[in-house]
Amino acid sequence: MRLLLSSLVAVVLAATALAADSDPWDVPAPPGVEIMMVLTVSTKTDCTIMLADKPWEGANGPERAELSVAQDEKDAVARCRGLVEKGDHDAAGTALDELLAKNAANWDAFFLRALSLHAKAADAEAALALRTSLIGNRRSPEAWKLLDEVAKALKKKVARPRVEMRGWVRESGKGEIEMGHVADDAAAMPWNYYAAARLHYRYEGPFARDFPGVKPYVFTFREQMYAMGVLAASAAAEKKDGTKLTPDLVRVLAEKKAGTLAPFTFFAVYTEPVPAAPEKGFDSLRPRLEKYFDEKILVKR
């Protein structure tokens, strides 16, 4: 069993390492069945497998995520908001410039800049500020709502990508791990493999390889892309076998075929805001996110 495990782990890790230098995000996905075999014989991962008739309520992540900034920065944002709400846009612009000079990753400040620009009917500039804000934190209902208003002013519309996550991994806090997926139709297996890929990434080596010395474990976009690659490969196999896919899986396959699975995943299913210190390789992803936003999210009517 140990020989089988080491051989399978080597195969799976080799598959993930291919083409890493050319694109750290769209790496080849190992087959889901190989991941399941690794988990079955592993001594590292002990989990409960949950077959559900509806998603775990936390599978899609929170609708809102608050930025982790110091209190004085929160106070500065509040003062800027007050200036914008009073219509003092010149003073607000100066204050926002000062705030962003200290912390260029304050995505709430970019939102307020967009709010001020929209109030002045400078909507093309407001859209750019919102693009930056939402790439920083997609879990901002205010920013998405304002984007709808800006889009209308530009005679455009917002096509926000979404996928209902039907697979998940969660920890109870008592050392217990649940790997679950919704098993209510013929196309359920890709979501089972998606959840298994998340579990495999955390505990069977890929996380330790990609983030050496990082402890404790943290959820990353690299893990999300690893699992989405497995999901797409499994969905393609199901389609080839004649299984009727759900609209969400059809969309995932379409994005994979178009070469846009990474930016689609980022906006549609990544459940965390971007950390203050971006992951390695994020600079190569940002232009693709901006392009996807301009072409696929803020679109013509």
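Quick caveat, the model's predicted, so the values are computed rather than measured.
By the rule that hydrophobic residues join a cluster once side-chain heavy atoms approach within less than 4.5 Å of another member, Trp144 and Tyr270 end up as members of one cluster. Side-chain heavy atoms closer than 4.5 Å link hydrophobic residues (I, L, V, M, F, W, Y) into clusters, and following such links, possibly through other members, connects Met179 to Met189. Note on Met228: it does not cluster hydrophobically with Val182, by side-chain heavy-atom contacts below 4.5 Å among ILVMFWY residues. Cluster membership check: Leu39 shares its hydrophobic cluster with Tyr194, using side-chain heavy-atom separations under 4.5 Å among Ile, Leu, Val, Met, Phe, Trp and Tyr. Following chains of ILVMFWY side-chain contacts shorter than 4.5 Å, one cannot reach Val158 starting from Leu128, and the two form parts of different hydrophobic clusters.
In this structure, Arg198 forms no cation-pi arrangement with Trp168, as its terminal cationic atom is not both closer than 6.0 Å to the ring centre and no more than 45° off the ring axis.
A salt bridge between Glu204 and Arg209 is absent, with no side-chain N of the basic residue lying under 4.0 Å from a carboxylate O of the acidic one. By the 4.0 Å N-to-carboxylate-O rule, Glu164 lies too far from Lys54 to be salt-bridged with it. Using a 4.0 Å cut-off between charged nitrogen and carboxylate oxygen, Glu255 and Arg251 count as a salt-bridge pair.
The closest side-chain heavy-atom distance from Leu199 to Ile177 is below 4.5 Å. Residues Glu34 and Val38 form no side-chain contact, since every pair of their non-hydrogen atoms from C-beta on lies 4.5 Å or further apart. Contact of the Leu249 side chain with the Trp191 side chain is registered, since non-hydrogen atoms from C-beta on lie closer than 4.5 Å. For the pair Val252/Phe264, a side-chain contact is recorded, criterion being any heavy-atom separation below 4.5 Å from C-beta on. Between Pro206 and His200 there is a side-chain heavy-atom pair separated by less than 4.5 Å. Between Val84 and His89 the shortest side-chain heavy-atom distance falls below 4.5 Å. Taking the side chain as every heavy atom from C-beta outward, Arg222 and Lys280 approach each other to under 4.5 Å. Contact annotation: the side chain of Leu117 never approaches that of Asp123 to less than 4.5 Å [non-hydrogen atoms, C-beta and beyond].
The backbone N or O of Trp107 sits less than 3.5 Å from a side-chain atom of Ser133, completing a donor-acceptor pair. Within the 3.5 Å criterion, the main-chain N or O of Met36 finds a donor-acceptor partner in the side chain of Thr40. Put simply, the side chain of Asp108 never gets that close to the backbone of Leu67: no donor and acceptor are under 3.5 Å apart.
Counting non-hydrogen atoms of neighbouring residues, nucleotides and ligands closer than 6.0 angstrom, the NZ atom of Lys120 exceeds 12 such neighbours. The environment of CG in Asp46 is sparse: at most 12 heavy-atom neighbours from other residues, nucleotides or ligands sit within 6.0 Å.
Residues Leu154 and Ala127 share a closest heavy-atom pair of CD1-CB, 4.2 Å. Val169 approaches Ala195 most closely through the heavy-atom pair CG2-O, 3.3 Å. Closest non-hydrogen pair, Ile35 versus Pro30, comes out as CD1-CG, 3.9 Å. Shortest non-hydrogen contact noted between Pro161 and Tyr292 is CG-CE2, 4.4 Å. What you find for Ala186 and Glu238 is that their closest heavy atoms are O-OE1, 3.8 Å. The heavy-atom pair separating Arg138 from Leu134 by the smallest distance is CG-O, 3.1 Å.
Separation of atoms NZ (Lys256) and CG (Leu231) is listed at 11.0 Å; rounding is to 0.5 Å. Note that CD of Glu290 is 6.5 Å distant from OG1 of Thr132, once rounded to the nearest 0.5 Å. To the nearest 0.5 Å, atom CG of residue Asp75 and atom SG of residue Cys80 are 11.0 Å apart. Note that OG of Ser234 and CG of Asn192 are 8.5 Å apart. Values are rounded to the nearest 0.5 Å. For the atom pair OG of Ser140 and CD of Glu63, the computed distance is 9.5 Å after rounding to the nearest 0.5 Å. For the atom pair CG (Asp294) and CZ (Arg131), the distance works out to 4.5 Å, reported to the nearest 0.5 Å.
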Taking it one step at a time, do Phe293 and Leu147 satisfy side chain to side chain contact (heavy atoms under 4.5 Å, CB included)? CA-CA 11 Å; Phe293 183 96; Leu147 185 61; 3.8 Å; yes
Please determine whether side chain to side chain contact (heavy atoms under 4.5 Å, CB included) holds for the pair Arg64 and Glu66, giving the CA-CA distance in whole Å, both sets of side-chain angles, and the decisive distance to 0.1 Å. CA-CA 7 Å; Arg64 178 187 297 277; Glu66 300 295 337; 2.9 Å; yes
Pair Arg202-Lys44, side chain to side chain contact (heavy atoms under 4.5 Å, CB included): steps then yes or no: CA-CA 10 Å; Arg202 293 186 190 192; Lys44 294 180 182 179; over 6 Å; no
Kindly indicate, with the supporting measurements, whether the criterion salt bridge (charged side-chain N to carboxylate O under 4.0 Å, His left out) is fulfilled by Asp185 and Arg166. CA-CA 11 Å; Asp185 60 40; Arg166 296 167 70 81; 3.8 Å; yes
Check the pair Glu223 / Phe207 against side chain to side chain contact (heavy atoms under 4.5 Å, CB included), numbers first and verdict last. CA-CA 8 Å; Glu223 175 183 326; Phe207 175 79; 5.6 Å; no
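Between the side chains of Asp210 and Tyr226, no donor-acceptor pair of N or O atoms lies under 3.5 Å. Of the N and O atoms on the side chains of Gln224 and Tyr201, not one donor lies less than 3.5 Å from an acceptor on the other residue.
Checking Phe266, Phe282, Phe267 one by one against Phe221, the ring pair (Phe, Tyr, Trp, His ring centres under 6.0 Å) holds for a single residue, Phe266.
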